[in-house]
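Step one of this worksheet: look at the structure below.
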There are 2 protein chains.
Amino acid sequence: MSDPVYIQIVEDIKKKVNSAELKPGDTVPPETALCKEYGVSRMTVRKGLAILAREGYIFSVPGKGSYVRKPEVNKYTLYYDEMNNAINSVDKARLLEVSIIMPDEKLADELKITRNKHVIMIRRLFYTEGSPVAYDVKYLLYNKGMPIVEEEIEKATFQEMVSSNIPIFALKKRLIISAQIPNEEIKRYLNIYDELALLVVEQKLYNNENKPIGIGITSYRGDYIKLQGSSD
Amino acid sequence: MSDPVYIQIVEDIKKKVNSAELKPGDTVPPETALCKEYGVSRMTVRKGLAILAREGYIFSVPGKGSYVRKPEVNKYTLYYDEMNNAINSVDKARLLEVSIIMPDEKLADELKITRNKHVIMIRRLFYTEGSPVAYDVKYLLYNKGMPIVEEEIEKATFQEMVSSNIPIFALKKRLIISAQIPNEEIKRYLNIYDELALLVVEQKLYNNENKPIGIGITSYRGDYIKLQGSSD
DNA sequence: AAGTGGTCTAGACCACCGC
DNA sequence: CGGTGGTCTAGACCACTTA
């Protein structure tokens with residue numbers, strides 16, 4: 001009962017779209033027509049249309065009208081936390097190495113820096129219930145004053161490592177997900193004796209100006225992790 | 001030049017959040033204060049705040065105020081199209097089998113149907129430049145009147161298979177991404193002789209009432225596909 | 001009671017589009 | 001030119017929170 005009028009408008013139009021009464025490309029009734037239909041002022045109608053627009057149902061063209069949008073069928077929302085996934089979570093992390101290195105050509109290129117800049121390398125193992133489940137390497141641009149406290153690094157997620165330097169809102173991230181066969185080193189670290197695939201997640205962090213500030217590569221045992229995404 | 005006022009408000013507040021002048025949990029100035037500050041009416045201020053809210057920067061509590069939100073650090077947007085990914089695209093598909101089956105217990109359970117319902121099974125191979133790159137199996141609830149035209153099925157994506165029955169807007173989808181070692185059958189289909197990991201994407205389609213209408217499992221050669229996601 | 005955000009009105013002017 | 005959406009005003013009433 002007593003939904004605001006603009007919600008009524010939103011749901012009425014959604015219903016028409018979902019039932020194919022309004023098809024992609026069709027025009028939505030003009031705002032003035034909806035004003036009359038619902039007996040409300042134009043701002044109220046516009047509030048409803050704004051919601052439909054941001055949810056991807058319609059788009060508006062100034063001077064022409066509003067149209068039903070073709071939905072983005074390939075878009076999904078994925079939640080990825082290197083320490084937690086839908087079926088498991090990391091309960092222990094072991095620091096293998098923290099060191100300051102000079103990047104090789106590939107790394108310098110990826111981080112968009114020259115090869116004489118310092119980079120922090122952090123290698124860790126993630127454990128669940130006593131068993132190693134992932135091998136993790138991170139490369140961070142070295143900033144003066146950056147604290148390298150081993151105890152803090154051990155359990156930190158990538159965000160946490162950089163968020164002392166960069167406000168989290170200013171952070172942009174990209175993921176690259178792939179399946180790979182472990183090399184001998186990773187097999188040893190993850191106690192892999194038989195054939196087992198790795199789910200490899202490469203995380204790349206950018207600052208506000210789209211300059212890379214870090215790269216992380218986490219190689220999960222394939223029997224440990226599943227990533228989940230959903231539309232809407 | 002000449003951005004509307006509400007955009008000015010949005011960008012000013014974004015700047016304050018990104019520079020940590022406003023931190024998560026802090027209160028945003030009340031609407032009336034912003035009205036005075038910018039010399040505009042309340043609806044204009046509210047339009048700006050609405051944009052900040054939908055972009056995840058702030059949230060509002062009736063009777064109290066608006067607050068800076070803690071950003072969702074683990075949320076990514078992923079584009080997945082079974083026929084196209086960031087580095088490759090399928091240029092040919094070969095139909096291995098279309099048949100109507102009775103589901104086994106596991107499948108019946110996943111589709112939330114009884115075991116006496118009919119299910120369409122479609123098995124395909126995807127090719128890129130003449131080489132097989134993925135093995136694809138789909139299970140669809142059988143609806144009377146559902147056309148099973150082999151030529152159409154061959155190149156159809158999952159959406160296309162069901163969209164003749166269900167308006168696309170009404171479709172919800174979930175993905176499960178994992179890394180696996182291929183079994184002997186898939187090795188044969190994908191010409192895998194050495195060790196090679198598979199990136200397996202399970203797609204589950206639901207109708208408006210959240211009832212499953214189909215499951216698809218696409219097993220990609222690990223050297224063929226990389227999935228990409230990004231924050232924002 | 002005073003302050004907050006949520007809803008809504010009845011206008012206005014503008015830029016853009018198609019005829 | 002009339003119709004469209006985009007911006008904006010100066011009010012109003014409400015429910016809610018805090019004190």
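The side chain of Arg42(B) approaches dG5(C) more closely than any other nucleotide in the set dG5(C), dT7(D), dT9(C). The nucleotide whose nearest atom lies closest to any side-chain atom of Pro4(B) is, among dG5(D), dC8(D), dT7(C), dC8(D). In this structure, of dT9(D), dG5(C), dG6(D), it is dG6(D) that holds the atom nearest to the side chain of Pro62(A). Minimum atom distance to the side chain of Lys64(B) is reached by dT18(D), of the listed dT18(D), dG11(C), dT4(C). Ranking dT9(C), dA10(D), dT4(C) by closeness to the Val40(A) side chain, first place goes to dT9(C). The listed nucleotides are dC8(D), dC8(C), dG6(D); the one nearest the side chain of Thr44(A) is dC8(C). Closest to the Ser66(A) side chain, of the nucleotides dC8(C), dG5(D), dT7(D), is dG5(D).
Side-chain polar atoms of Arg69(B) and Tyr57(B) form no donor-acceptor pair below 3.5 angstrom. With 3.5 Å as the limit, one finds a donor-acceptor pair spanning the side chains of Arg174(A) and Gln228(B).
Between Ser60(B) and dT4(C) there is no side-chain N or O to OP1 or OP2 distance below 4.0 Å. The shortest distance between the side-chain N/O atoms of Ser41(A) and the OP1/OP2 oxygens of dG11(C) is not below 4.0 Å. Remark: Tyr6(B) is in phosphate contact with dT7(D), judged by side-chain N or O atoms under 4.0 Å from OP1 or OP2.
Using a 4.0 Å heavy-atom distance criterion, Gly48(B) is classed as making no nucleic acid contact.
Ranked by how close their nearest DNA chain C nucleotide is to the 5' end, Val28(B) and Val5(A) are led by Val28(B).
Per the geometry, CG belonging to Asp3(A) stands 15 Å off P belonging to dG6(C), to the nearest Å. Rounded to whole Å, the distance from CE on Met43(A) to P on dA12(C) is 15 Å. In this structure, Leu34(A) atom CG and dG3(D) atom P are separated by 16 Å, rounded to whole Å. Protein atom CZ of Phe59(A) is 14 Å distant from nucleotide atom C1' of dT4(D), rounded to whole Å. Going from atom OH of Tyr67(B) over to atom P of dT17(D) covers 11 Å, rounded to whole Å. For the pair Glu31(B) CD and dG11(D) P, the computed distance is 17 Å after rounding to whole Å. Distance, Lys47(A) NZ to dA10(C) P: 17 Å, rounded to whole Å. Atom pair Arg46(B):CZ and dC8(C):P shows a separation of 11 Å (rounding to whole Å applied).
One finds a salt bridge joining Arg124(B) and Glu82(B) here, because a Lys/Arg side-chain nitrogen approaches an Asp/Glu carboxylate oxygen to under 4.0 Å. For the pair Lys204(B) and Glu110(B), the salt-bridge criterion is met [side-chain N within less than 4.0 Å of a carboxylate O].
Listed by first and then second residue, the salt bridge (Lys or Arg N to Asp or Glu O under 4.0 Å) pairs involving residues 9-22 of chain A are Lys14(A)-Glu55(A) (not counting sequence neighbours).
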